[in-house]
Amino acid sequence: MTDIHVIHASGGIVYRWVKSHEPVDSHSLPKNKQPKHANQTPDAAESQQTPPSPADTANSTPDASDSDTANPTSDSESKDPAQSAPTTSAEISTNPADTLDSTQRVSQNPADHLDDPFDGLELCVVHRTKYDDISWPKGKLEPNESLFHAGVREIGEETGIHVGLQAHVTATEYDLAYEGKGSTKGVKPRGIRKTVDYWIAHPLSNDDAAARQRPFGPVYHADENEISDVLWMTPREARQWLTRKCDRELADEFVRRVKNGTAFATTFLLVRHGKAESRKSWGGPDGLRPLMPRGAAAAYALSREIACFAPVDLYTSPWKRCADTIGIYAMQSGQQVIEEPRLTEDAFAADENAAWQALYDEMTHCATTARPAAVCMHRPVIGGMLDHLRQMCTDEALVKLIPKNNPYMPTGHAIALSLVATKDGPRIVDIQKVSPIVY
């Protein structure tokens with residue numbers, strides 16, 4: 001049997017709120033094509049006409065009348081650094097997310113849109129020149145690149161928008177022969193599969209984008225012959241104009257999450273410090289035990305992954321191995337780190353409840369203010385927090401993703417918790433493992 005080659009790609013659904021949505025210019029849309037189901041009432045369209053309700057979610061299904069087969073989503077073509085200049089600090093100051101007319105600016109905190117989150121809500125799509133279609137921004141992974149990093153980079157290259165990742169949405173898969181095809185009928189598969197992972201993502205402010213640039217790395221502009229327009233559409237417009245069925249289903253899934261209150265979850269990164277010198281070989285105080293060279297390498301590589309989520313608030317145990325792990329990201333981004341004495345190993349051993357309260361307060365602040373955050377802790381402290389985290393999960397599938405056995409997670413790794421604020425405190429709606437790529 002012939003082995004099937006798999007190509008991996010990443011992309012995202014980028015959202016924002018504006019005071020008043022402006023209809024899309026028809027010149028920016030595919031020529032000689034009509035929107036899909038323009039005269040029907042898709043899931044996304046219905047959602048804009050009624051206030052969101054958790055009860056609606058159970059009855060929300062993709063448009064069954066859509067007769068297309070599961071069509072592929074195609075990524076952007078590779079960027080040539082020799083022909084495309086990377087994003088610079090000066091260019092970050094003109095981030096499209098921050099160039100709205102002052103009359104259009106509204107709060108981007110989901111808490112300020114609870115009454116009707118669809119009011120002024122826009123989603124970012126791209127008009128691709130090669131295929132003359134409407135698609136979510138996405139593209140292939142580069143060598144030694146994670147799915148997280150590729151998603152943020154590709155969104156930035158295709159749209160010029162600097163984003164921070166939130167919850168994972170889904171992954172689509174298709175044969176490469178279907179690339180750019182509006183229909184798969186009569187197309188012979190090539191046996192080369194492509195998978196595309198999608199995240200929900202929010203535009204960064206100018207300051208946050210500038211801070212994130214150094215740990216994240218350069219972002220090159222897409223070739224002008226690749227992307228002809230970057231468009232902001234309402235969920236209804238996106239559902240009508242997206243070319244492929246699987247892209248429209250992503251719009252439906254996003255709407256479902258808006259309805260049940262999980263779409264705009266804020267990322268909280270729980271980081272375990274890099275590999276430290278062993279207790280046996282270290283003769284000094286445990287609080288001063290440093291990272292090993294390979295631990296420092298993992299911490300450096302992890303900062304590139306942390307940058308994909310663009311945390312604004314950074315916390316750490318004051319002990320050296322934790323402070324140095326998250327300190328690499330802080331040094332590169334120019335951000336301050338808040339030391340929390342209750343999160344040291346000794347403090348945890350003396351008062352586990354106080355340690356949990358410290359972490360819970362950080363998570364609550366993250367969820368209620370919509371400010372992504374990261375905290376670096378020790379293995380024993382992380383282990384003592386996991387039972388509490390399980391109780392915060394919104395379903396059993398998430399509970400199973402919480403590590404059970406010591407050492408819980410490898411050194412120099414993290415887990416990304418997607419938090420939503422509720423009357424009962426923060427709740428976890430998504431969990432992702434974050435690993436450094438060291439080579």
Side-chain angles (χ1 to χ4, degrees), residues 141-152 164-165 168 212 214-217 267-282 284 286-311 313-333 335 337-340 343-345 348 355 359 362-363 372-386 389 401-418 431-439:
L141 273 66
E142 293 180 345
N144 302 311
E145 185 177 37
S146 69
L147 288 167
F148 300 124
H149 195 273
V152 175
L165 298 184
H168 183 259
R212 198 270 300 278
R214 186 171 294 178
F216 183 84
T267 302
F268 187 89
L269 290 156
L270 189 62
V271 181
R272 184 183 175 193
H273 65 72
K275 182 68 176 177
E277 295 286 349
S278 69
R279 287 182 169 84
K280 291 182 179 180
S281 64
W282 177 248
D286 196 23
L288 297 179
R289 187 154 54 95
L291 297 174
M292 296 176 65
R294 68 185 177 105
Y300 179 83
L302 186 64
S303 68
R304 190 172 188 244
E305 307 307 315
I306 291 175
C308 299
F309 301 92
D313 298 316
L314 305 177
Y315 306 95
T316 185
S317 157
W319 284 11
K320 183 174 178 59
R321 52 190 179 273
C322 284
D324 286 355
T325 296
I326 203 166
I328 294 176
Y329 180 80
M331 177 184 64
Q332 291 180 309
S333 64
Q335 295 173 249
V337 181
I338 299 174
E339 294 187 348
E340 176 48 76
L343 296 180
T344 68
E345 289 190 37
F348 172 73
L359 181 63
E362 293 165 0
M363 296 173 72
V375 58
C376 189
M377 301 195 302
H378 310 268
R379 174 189 54 78
V381 184
I382 292 173
M385 303 295 107
L386 298 182
L389 296 180
L401 295 179
I402 300 288
K404 290 184 178 180
N405 302 319
N406 192 4
Y408 312 115
M409 72 175 81
T411 55
H413 285 60
I415 56 175
L417 308 175
S418 295
I431 299 174
Q432 305 171 71
K433 295 181 180 179
V434 183
S435 304
I437 298 180
V438 181
Y439 58 95

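A heavy-atom distance below 4.5 Å is found between the side chains of V375 and L359. Between V438 and Y300, the closest side-chain pair of non-hydrogen atoms is not below 4.5 Å. Looking only at side-chain heavy atoms (C-beta outward), R279 and D286 come within less than 4.5 Å of each other. Inter-residue side-chain proximity for P311 and Y329 is flagged as met; some heavy-atom pair is nearer than 4.5 Å. Contact of the M385 side chain with the Y408 side chain is not registered, since no non-hydrogen atoms from C-beta on lie closer than 4.5 Å. The shortest distance between side-chain heavy atoms of Q432 and F148 falls below 4.5 Å. The closest side-chain heavy-atom distance from E339 to S317 is not below 4.5 Å. Side-chain contact between P372 and F309 is absent, with no heavy atoms from C-beta onward closer than 4.5 Å.
R272 contributes a side-chain N or O that, together with a main-chain N or O of M409, makes up a donor-acceptor pair within less than 3.5 Å. Using modelled atom types, one side-chain atom of T325 and one backbone atom of G274 make a donor-acceptor pair closer than 3.5 Å. Formation of a donor-acceptor pair under 3.5 Å by the R379 side chain with backbone atoms of T411 is not found in this model.
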Legend entry - Candidate pair E362 and L270, rule side-chain contact (heavy atoms from CB on, under 4.5 Å), full reasoning: CA-CA 11 Å; E362 293 165 0; L270 189 62; over 6 Å; no
Inset, instruction - Go through V152 and R212 one step at a time and tell me if the side-chain contact (heavy atoms from CB on, under 4.5 Å) criterion holds. - result: CA-CA 11 Å; V152 175; R212 198 270 300 278; 3.7 Å; yes
Legend entry - V434 vs L302, side-chain contact (heavy atoms from CB on, under 4.5 Å): CA-CA, chis, key distance, verdict: CA-CA 8 Å; V434 183; L302 186 64; 4.1 Å; yes
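The two residues R321 and A276 have their closest heavy-atom pair at CD-CB, 3.7 Å. Between A323 and P318, the shortest heavy-atom distance links the atoms CB-O, 4.2 Å.
Under the ring pair (Phe, Tyr, Trp, His ring centres under 6.0 Å) criterion, F216 pairs with H149, not counting sequence neighbours.
Interatomic distance, K433 NZ to E305 CD, rounded to the nearest 0.5 Å: 15.5 Å.
The pair R289-D324 does not count as a salt bridge, with every side-chain nitrogen at least 4.0 angstrom from each carboxylate oxygen.
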